[in-house]
Amino acid sequence: MRRDGWRLATIAVNDPEVPELRYVFCGPADEGWTQFIVRCNGSRTVPSLTPADVSADWLEREIEDLFAIDFAGHPRLGDFVLHDNRWAEGVGPMRPGSPLREALTERQWQPRRVLREEGAFVMPVGPIYSGEAESALFLLETAGEDVVRSVPRLFYKYRGVEKLVQGRCAQDAVLFVERTNGTSAFANAWTFCMAAERVSATEPPLRAEYLRVLFAEIERVRRHTAVIRAIVDSTSLWVAAARLLEIEERMLRLSGALAGHRYLFGLATIGGLARDVDDAAAAEAAGALGELARRVAHTVEQLGHTSTFLDRIESVGVLSEARAREFGAVGPFARASAVADDMRLLHPYGQYAHAVPSVPTEREGDGYARLRTLAREIEASAAIVARIASELPSGPVRAPWQPRSGEALAWAEAPGGACIQLLRLDDAGACAMLRFTPPSFRNWQCFRWVAEDFAFQDFPIILATCGLSVAESDR
Amino acid sequence: MSWFLRGLFGGIKSMSYPIKAEQVPGVSPGLPQGVPHATQAQRALVALCPTSAIVPEQEGLAVREERCIHCMRCADAVSAHPLPWRKDAAWAVRRGCAPVLPAPFARSVHVRVVDAGDCGSCLSEIAHLNDPLYNMHRFGVFITPAPRQADVLIVVGPVTEHMKAPLREAYDAMPEPKRVLAVGACAASGGIFGPSFTSAGGAQEIIPVDMALPGCPPPPLAILEALLALCGQKPLR
């Protein structure tokens, strides 16, 4: 299947009483999507897909923890979402009637060591480390000077969004999805809204569809600027970092003035947008964003002439194209390694069939390639914003939403990459099931291949060039 | 040209706060306020509020600010019968009775930030304190990586199950005198997430909190204002 351009997008679990696994595959542009359904008859064990397709690795580990479903033949299960030192085995909090809080324990946990050289040790970084870094633990295995491998231990921030939305009105569930990752809030919330609209056959007004593209691209520009700023910050180039911080703050103010919220919270809603914007204000914001995008491009160009900066990020944290494809990397992270997939082009949604983005790729797959990819995407997105702002159709921005039961899949190219959501609603419009596979989750799976054989001081730089959100992956 | 010179020629960017109040559009989303007399249409907002931040009070409505998650449903561009929103930055509310930090900290306060399940927006706003526009260093506020050198602990996020112990350890490692600032709706009240099977429902469930700052997320100015209040540069609310 992989040879024909199909790849695994997510695995969802439905009706956990008699578990039914949905393997969702994303096809090439002319083929669309397909689902394979595997029903477990009586037992909670299914054969693992990982030996055949390694991109299923983390998806299966996650399901084993959340649903207590065993994957026969999987190379390594356990200690993933639910940390072994805190939770008893076989809890499966996503199952109905799971014991939840009674499942808490106090146990010892030791990181697994692979390196058996003399003097080898594991250096833990986290879960609390650095200035205002997100909480995650990184186990750096070393025999002295260089780090041989580094394994991230995530889910310190597991908030259980997929569980918490169960039984809640979909219109309220949007707020949870939005708050899984504050820096890509609009893209994630939009994906959820698309899924709910498909379930109930609600057609958002054309003006809302245009404005959704506008806000999604404003968010992409801002989030990419934030990642570039973090990369520069990790190399201690303070002047450039301060300049990018200022540009980013102006983008936040621009969002705040246009949409009422600096991170676009509360904007996406099922049926369209919660609020309208003034045409003149949108045009003015698009002009201001274009100017800020040019300032970012100018700064990145100057960085390209700064040898002390290039020394730190060139050939650092290389992800080969083969690895990126094998492990299912998505978004600009993958595009820097020549994997050109972009949901906006592959399976256009909203108005992207009309406002076709240009999608830049790079070949090297190192830190600098990732930086250049982000910088070029900022230019492309600012161009879309300018175009959309000049073409805004008139009309309402919100269509009434009539809840209906059913199931639908939605996808979007969030700033970090492909965001996949499978949603099932009941008659009253409450969530019965949500499977939310964000881009960061897919990309964190590749992180250990990026952070291999490097010097200790490069670790923060490698981490920053990946631009991965822990909150989004942990959910 | 070297980056040093570029920085020098860039000029001073810091805003006129705190001498003048900052009113640039988009600098803050504002915060909803209660009303002494509510119309029937405004009362419908009570059911719309996803975290029960809006509660009836006699003839009007009150807003439990710490619970507000900025869903914007009671804002004027979204609702036909909105609540009034305040535009200032003094959002922080004092908890408990610990006094402000003693005088030596007024111009030198070191802050450790602990992410206990934040979505990333509070952390982003905290990162912007270092922005040349806000420039926390001119007030003597510094972010430190070591809890042992910290005077103030900022907690963001609803405190997830896995972050309870690390948060407790970070707090215990801090020397006296120390203060805790819960930043954002999640840390102040659990926000939309908690309490739940994985969230404690706010920092106060794990460690003593001296000041809570509402907002989802609170803008940089509100965070700065709260820090200045904790170290005695601004009046306590």
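So you know, we letter chains A, B, ... as the sequences are listed, proteins then strands, and number each from 1. Computed from a prediction, not measured in an experiment: that's the story for all the values here.
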Run Arg73(B) and Leu175(A) through side chain to side chain contact (heavy atoms under 4.5 Å, CB included) and show every step you take.
CA-CA 11 Å; Arg73(B) 287 178 186 174; Leu175(A) 303 171; 3.7 Å; yes

Is Val24(B) close to chain A through its backbone or its side chain, or both, or neither, when contacts mean heavy atoms under 4.5 Å?
side chain

Check step by step if side chain to side chain contact (heavy atoms under 4.5 Å, CB included) holds for Asn85(A) and His162(B).
CA-CA 9 Å; Asn85(A) 51 330; His162(B) 295 153; 5.8 Å; no

Taking Thr160(B) for its side chain and Tyr158(A) for its backbone only, find out whether a donor-acceptor pair lies under 3.5 Å.
no

To check you understand the geometry: which heavy-atom pair defines the closest contact between Phe197(B) and Trp87(A), and what is its length?
O-CH2, 3.7 Å

Straight-line distance of Ile192(B) CD1 to Leu164(A) CG, nearest 0.5 Å:
9.0 Å

Minimal heavy-atom distance between Phe193(B) and Val161(A), with the atoms involved, is CE2-CG2, 3.6 Å

What's the shortest heavy-atom distance between Gly120(B) and Thr183(A), and which atoms?
O-CG2, 4.2 Å

Atom pair OG (Ser124(B)) and CD (Glu134(A)), whose distance is rounded to the nearest 0.5 Å:
10.5 Å

If you count heavy-atom pairs under 4.5 Å with chain B, which of Leu237(A), Asp276(A), Asp474(A), Leu254(A) comes out on top?
Leu237(A)

Which pair of heavy atoms, one from Ala170(B) and one from Ile128(A), lies closest together, and at what distance?
CB-CD1, 4.0 Å

Could you tell me the separation between the CZ atom of Arg250(A) and the CG atom of Leu133(B), rounded to the nearest 0.5 Å?
5.0 Å

Please classify the contact of Glu125(B) with chain A as side chain, backbone, both or neither, using a heavy-atom distance under 4.5 Å.
both

Select, from Ser184(A), Ala226(A), Ala257(A), the one with the greatest count of heavy-atom pairs under 4.5 Å involving chain B.
Ala257(A)

Ranked by heavy-atom pairs below 4.5 Å to chain B, first place among Tyr156(A), Tyr129(A), Phe155(A) goes to Tyr156(A)

Tell me whether His261(A) contacts the main-chain N or O of Cys216(B) through its side chain, where contact means a donor paired with an acceptor under 3.5 Å.
yes

When you look at Arg159(A) and Ser196(B), which way does the side chain to side chain contact (heavy atoms under 4.5 Å, CB included) test go after all the steps?
CA-CA 8 Å; Arg159(A) 286 150 291 164; Ser196(B) 79; over 6 Å; no

Rounded to the nearest 0.5 Å, what's the gap from SG on Cys122(B) to OH on Tyr263(A)? Could you check?
8.5 Å

For residues Glu246(A) and Pro132(B), report the shortest heavy-atom separation together with the two atoms involved.
CB-CG, 4.0 Å

Winner by heavy-atom pair count (cut-off under 4.5 Å) against chain B, out of Val174(A), Leu303(A), Thr269(A)
Leu303(A)

Against chain B, label Ser255(A) side chain, backbone, both or neither, depending on which of its atoms sit under 4.5 Å from a heavy atom there.
neither

Highest number of heavy-atom pairs under 4.5 Å with chain A among Ala127(B), Gly7(B), Pro145(B) belongs to Ala127(B)

Arg138(B) CZ: over 12 foreign heavy atoms closer than 6.0 Å
yes

Under 4.5 Å, counting heavy-atom pairs only, tell me which of Glu249(A), Glu178(A), Gln171(A), Glu472(A) racks up the most with chain B.
Glu249(A)

Distance check, rounded to the nearest 0.5 Å: Glu132(A) atom CD versus Asn130(B) atom CG?
7.5 Å

Near Gln302(A) CD, under 6.0 Å, is it more than 12 heavy atoms from other residues, nucleotides or ligands?
yes

Looking at Ile69(B), is its backbone amide N or carbonyl O close enough to the side chain of Arg179(A) to form a donor-acceptor pair, meaning the two atoms are under 3.5 Å apart?
yes

Where do Ser121(B) and Phe265(A) land on the side chain to side chain contact (heavy atoms under 4.5 Å, CB included) test, with the steps shown first?
CA-CA 10 Å; Ser121(B) 60; Phe265(A) 286 3; 3.9 Å; yes

I'd like to know whether Arg229(A) forms a salt bridge (charged side-chain N to carboxylate O under 4.0 Å, His left out) with Asp131(B), so could you lay out the CA-CA distance, the side-chain angles of the two residues, the decisive distance to 0.1 Å, and finally the verdict.
CA-CA 11 Å; Arg229(A) 182 257 299 170; Asp131(B) 189 315; over 6 Å; no

Side chain, backbone, both or neither: which part of Val81(A) has a heavy atom under 4.5 Å from chain B?
backbone

Closer than 3.5 angstrom, by distance alone: can the side chain of Arg262(A) be matched with the main-chain N or O of Ser28(B) as a donor-acceptor pair?
no

Top of Gly182(A), Cys169(A), Ala259(A) for chain B proximity - count of heavy-atom pairs under 4.5 angstrom
Gly182(A)

How long is the span from the OG atom in Ser130(A) to the CG atom in Asp115(B), to the nearest 0.5 Å?
11.5 Å

Any idea which of Gly117(B), Ala116(B), Ser2(B), Pro219(B) has the most non-hydrogen atom pairs under 4.5 angstrom with chain A?
Gly117(B)

Is it the side chain or the backbone of Pro217(B) that comes within 4.5 Å of chain A heavy atoms, both, or neither?
both

Using non-hydrogen atoms and a 4.5 Å limit, figure out which bit of Ala133(A) sits close to chain B: side chain, backbone, both or neither.
backbone

Can you find a pair of side-chain heavy atoms, one from Leu245(A) and one from His128(B), that are under 4.5 Å apart?
yes

Under 4.5 Å heavy-atom distance to chain A, tell me which part of Val27(B) shows up: side chain, backbone, both or neither.
both

Does a side chain donor of either Glu161(B) or His83(A) reach within less than 3.5 Å of an acceptor in the other side chain?
no

